[in-house]
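Right, one structure below, let's go through it.
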Amino acid sequence: MPVRVRIAPSPTGNLHIGTARTALFNWLFARHHGGEFILRIEDTDLERSKKEYEENIIEGLHWLGLQWDNEHIARQTERLPLYRSYLERLLESGAAFWREYTAEEKADMERDGRAARDRVIALTPPSDPERELAFDDQIRGRVAVQAKHVGQVVLAKDLDTPLYNFAVVVDDLDMNITHVIRGEDHISNTPKQLLIYEALGATPPVFAHLPLILGPDRSKMSKRHGATNIADYQADYLPEALVSFMGQLGYTYDAELLSLDEMAKQFDLARVHKSGAVFDQTKLNWTNAQYLKRLPPATFKQLIGKPDLPDSAVPIMTERLERLTDIAQFSYFWEEPEYESALLSWKDDAPEVTRAALELCADLAARGELNQPALDAAALEQFAGKKGSVYWPLRVALSGRQNSAGPLEIAAAIGSERTQSRIQTAIHKLAT
Ligand code: GLU
């Protein structure tokens, strides 16, 4: 049977980094085997599901490059007649029954603020509760639990209101899903789902439960560890970088920077780690920096919205940039710097010293000789060997900042004309 896997997000929140990583591993598995990757929106929870979350999920997967193969995205709310027919079948055969709530249970529901109802559709308990329910997890090995520990399996609130465990089984069967690859947080649902497959007389798919993503303190990754919404990464990171980084959350490849295709080529479920994967922000930033450096200058300039910058400015920026929004620190490449004149003087240099240094720079620049040997020689001869007395004012004049790319690098990138005019501006500033 050809491999067919799915990502089945519930649109009750934005695309979570954990869901994106699950989608990625499914996508890689499908591509490795030449199979199909299906997107199914699990929107049966009508109260919490929102169209805007669905849109966020779709956009996020798209941005990451995790294209799904189904032309029409499956939505559970569009499939209610299917679940109904399965429920009727189970009720008829006696594999499921209408379970009446007791008065006491109804009172409990009301007290918990849940709408009280008279009855639900539940799975008829297995006749042999001593039996073991087991599956061969492709990552974790054999997982087994006693049937009696599984508890009651509620399938639906009524014929038109299926619940997660039931709808997911019907869908996975109906869509011929061969492998269910999902987060470890679902592992306790799997025995319930096995019972549903059994009641339907169907063979379950193969299961694989991915290790959770953890924060640096090894607790489950949450907002307090950093952004969990993929959309929050979009302004700062390249999708190639995020994908390469996420692919290594629970997997070791033979390289640190990998494209989707490179990962797909190697991907093997049996090599997914069993233990949780720690989210390392420093590594993500490093990864992003590497991909930024690889971008063609025109692409980079487009990305930061500065298509007119000289190409020579690009490597100066990508050499130092980790996150795209940090680009603001390089604003001196596209606008005149603003700064206080006091910033121009190196340490306790007197204004006359600074002025002399800037005039020297202006002179050299006018002659096309603003370069390191000339500045070093001047520092030695005229500024008591203090390079800072010369380079610092030049840096501030050109960048307006105390931390910047090297002043000569900036001068080369912005060109002689702008270099000269910025030095003149600095000389004027000093005088006022
Ligand atoms: N809707 C479930 C979720 O978002 C899908 C779980 C599954 O893959 O079976 O977690």
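This chain uses plain numbering: 1 for the first residue, then up along the sequence. Atoms within a ligand are numbered from 1 in the order they appear, just like the ligands themselves. What's counted below: heavy atoms across the whole structure, side chains too, no hydrogens, waters or symmetry copies.
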Less than 6.0 angstrom from the centroid, inside 45 degrees of the normal: does Arg31 satisfy that with respect to the ring of Phe29? no
Do the side chains of Glu322 and Lys283 get close enough for a salt bridge, i.e. N-O under 4.0 angstrom? no
Closer than 4.0 angstrom, basic N to acidic O: yes or no for Arg4 and Asp69? no
Classify the ring geometry between Tyr251 and Phe267 as parallel (under 30°), tilted (30 to 60°) or perpendicular (over 60°). parallel
In ligand 1, which numbered atoms sit nearer than 4.0 Å to a non-hydrogen atom of Arg182? 7 (C), 8 (O), 9 (O)
Could you list the atoms of ligand 1 found under 4.0 angstrom from a heavy atom of Val168? 9 (O)
Mind listing the side-chain donor-acceptor pairs of residues 204-220 below 3.5 Å, one per line with the distance, residues two or more places apart or on another chain?
unit_1, atom_1, unit_2, atom_2, d
His209, ND1, Asp137, OD2, 2.7
His209, NE2, Arg182, NE, 3.3
His209, NE2, Thr190, OG1, 3.0
Asp217, OD1, Ser219, N, 3.1
Asp217, OD1, Ser219, OG, 3.0
Asp217, OD1, His225, NE2, 2.8
Asp217, OD2, Ser219, OG, 3.4
Asp217, OD2, Arg224, NH1, 3.4
Asp217, OD2, His225, NE2, 3.4
Ser219, OG, Arg224, NH2, 3.0

Distance to 0.1 Å, residue and atom name: give those for the protein heavy atom nearest to [atom].
atom	answer
atom 1 (N) of ligand 1	Glu42 OE1, 2.6 Å
atom 10 (O) of ligand 1	His186 NE2, 2.7 Å
atom 8 (O) of ligand 1	Arg6 NH1, 2.7 Å
atom 5 (C) of ligand 1	Ala8 O, 3.2 Å

Quick check: does Pro9 get an N/O under 3.5 Å from an N/O on ligand 1? no
Look at the side chain of Thr419 and the backbone N and O of Gly415, then say whether any donor-acceptor pair between them is shorter than 3.5 Å. yes
